[in-house]
Amino acid sequence: MTKYKVTATKTTTGMQVSAGTRGFEITFDEPGSTNTGMNPVEILLTSFGACQAITAHALANKRHFDLQAFWVTIEGDLDRENVADGKNVRKFTEIHYQPHLRSSESDEDIKKFLTDVAEKCPVENTLTYGTKFVQDGFVKVD
């Protein structure tokens with residue numbers, strides 16, 4: 001198992017949040033705030049697209065699959081969904097995506113390849129199968 005750790009910190013500017021790991025930083029924000037970055041749900045969709053592209057590239061290299069270019073367009077429908085206990089949960093109710101690729105492979109081989117990409121993409125698996133969230137207490141800072 002590989003562990004990943006990030007830290008997200010609310011800045012003093014509008015709704016802006018700075019998040020980072022391994023020396024890299026990304027800025028989150030909201031359009032109605034200072035609009036200095038994508039909002040968290042946009043970044044979630046972006047993470048899915050990036051994971052698809054990385055997984056496709058890795059599989060193509062491993063299988064000697066002709067993949068000359070790859071990108072994904074993604075749309076998510078964010079809405080309230082009623083769940084069994086009567087709560088309204090705000091979440092993506094559907095995520096639609098369309099891979100685009102340049103390849104000399106047959107349509108049949110491309111379809112199989114894209115199925116394999118979907119099955120091996122950790123972000124897609126997390127969104128599809130869910131993940132247990134555990135809050136490890138809290139830290140009160142003086």
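Keep in mind that this is a model prediction, so the values were computed, not measured.
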TODO: In sequence, state the C-alpha distance, the side-chain angles, and the governing distance for Asp116 and Leu59, and then conclude on side-chain contact (heavy atoms from CB on, under 4.5 Å).
DONE: CA-CA 8 Å; Asp116 290 345; Leu59 279 178; 4.1 Å; yes

If you take all heavy atoms of [X] and [Y], which pair is closest and at what distance?
X      : Y     : result
Lys10  : Gly14 : NZ-O, 2.6 Å
Pro31  : Asn39 : CD-ND2, 4.2 Å
Thr21  : Lys5  : OG1-O, 2.7 Å
Val17  : Ala8  : CG1-CB, 4.0 Å
His100 : Thr73 : NE2-OG1, 3.4 Å

[X] vs [Y] side-chain heavy atoms within contact, under 4.5 Å:
X      : Y      : answer
Tyr4   : Val6   : no
Glu124 : Phe48  : yes
Leu101 : Trp71  : no
Phe65  : Ile110 : yes
Phe113 : Glu105 : no
Gln52  : Ile74  : no
Phe70  : Leu114 : yes
Tyr97  : Leu45  : no

Task: OG1 on Thr93 to CG on Leu78, rounded to 0.5 Å - done: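 Here the rounded value is 7.5 Å.
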
TODO: Could you grab the distance from atom NE2 of His57 to atom NZ of Lys62, nearest 0.5 Å is fine?
DONE: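 Rounded to the nearest 0.5 Å, the NE2-NZ separation comes to 14.0 Å.
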
- [ ] Please determine which of Thr34, Thr11, Thr13 meets the side chain to side chain donor-acceptor pair (under 3.5 Å) test together with Asp29.
- [x]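 Only match with Asp29 under side chain to side chain donor-acceptor pair (under 3.5 Å): Thr34.
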
Task: Derivation of the salt bridge (charged side-chain N to carboxylate O under 4.0 Å, His left out) call for Arg102 and Asp66 - done: CA-CA 8 Å; Arg102 187 175 308 116; Asp66 176 42; over 6 Å; no

Open item on the list: Counting only heavy atoms not in Glu108 (residues, nucleotides, ligands), do more than 12 fall under 6.0 Å from its CD?
Closed with: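 No, not enclosed.
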
- [ ] Tell me, yes or no, whether the heavy-atom count around Arg90 atom CZ, taken from other residues, nucleotides or ligands under 6.0 Å, exceeds 12.
- [x]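 For Arg90, atom CZ is crowded (more than 12 foreign heavy atoms under 6.0 Å).
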
Sub-3.5 Å donor-acceptor pair from the side chain of [X] to the main-chain atoms of [Y], do we have one?
X      : Y      : value
Asn125 : Glu119 : yes
Thr7   : Gly20  : no
Glu30  : Gly32  : no

Open item on the list: Is there a path of hydrophobic side-chain contacts, each under 4.5 Å between heavy atoms, that joins Val41 and Val72?
Closed with: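 Yes: a chain of side-chain contacts under 4.5 Å links Val41 to Val72.
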
Open item on the list: I'd like to know if Met38 and Leu127 are part of one continuous hydrophobic network [Ile/Leu/Val/Met/Phe/Trp/Tyr, side-chain heavy atoms within less than 4.5 Å].
Closed with: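 Different clusters: Leu127 never reaches Met38 through Ile, Leu, Val, Met, Phe, Trp or Tyr contacts under 4.5 Å.
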
Task: Derivation and outcome, side-chain contact (heavy atoms from CB on, under 4.5 Å), residues Ile43 and Phe28 - done: CA-CA 8 Å; Ile43 289 178; Phe28 294 72; 3.2 Å; yes

- [ ] Please report the C-alpha distance between Asp107 and Lys111 in whole Å, then the side-chain angles of each, then the deciding distance to 0.1 Å, and finally whether the salt bridge (charged side-chain N to carboxylate O under 4.0 Å, His left out) criterion is met.
- [x] CA-CA 6 Å; Asp107 287 359; Lys111 288 177 187 175; over 6 Å; no

Open item on the list: If we count only N and O atoms by modelled type, under 3.5 Å, do the side chains of Gln98 and His96 hold a donor and an acceptor together?
Closed with: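 Judged by distance alone, the side chains do not pair up.
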
- [ ] Go through the steps to decide whether Thr27 and Gln16 satisfy the test side-chain contact (heavy atoms from CB on, under 4.5 Å), and finish with yes or no.
- [x] CA-CA 7 Å; Thr27 299; Gln16 191 181 79; 3.5 Å; yes

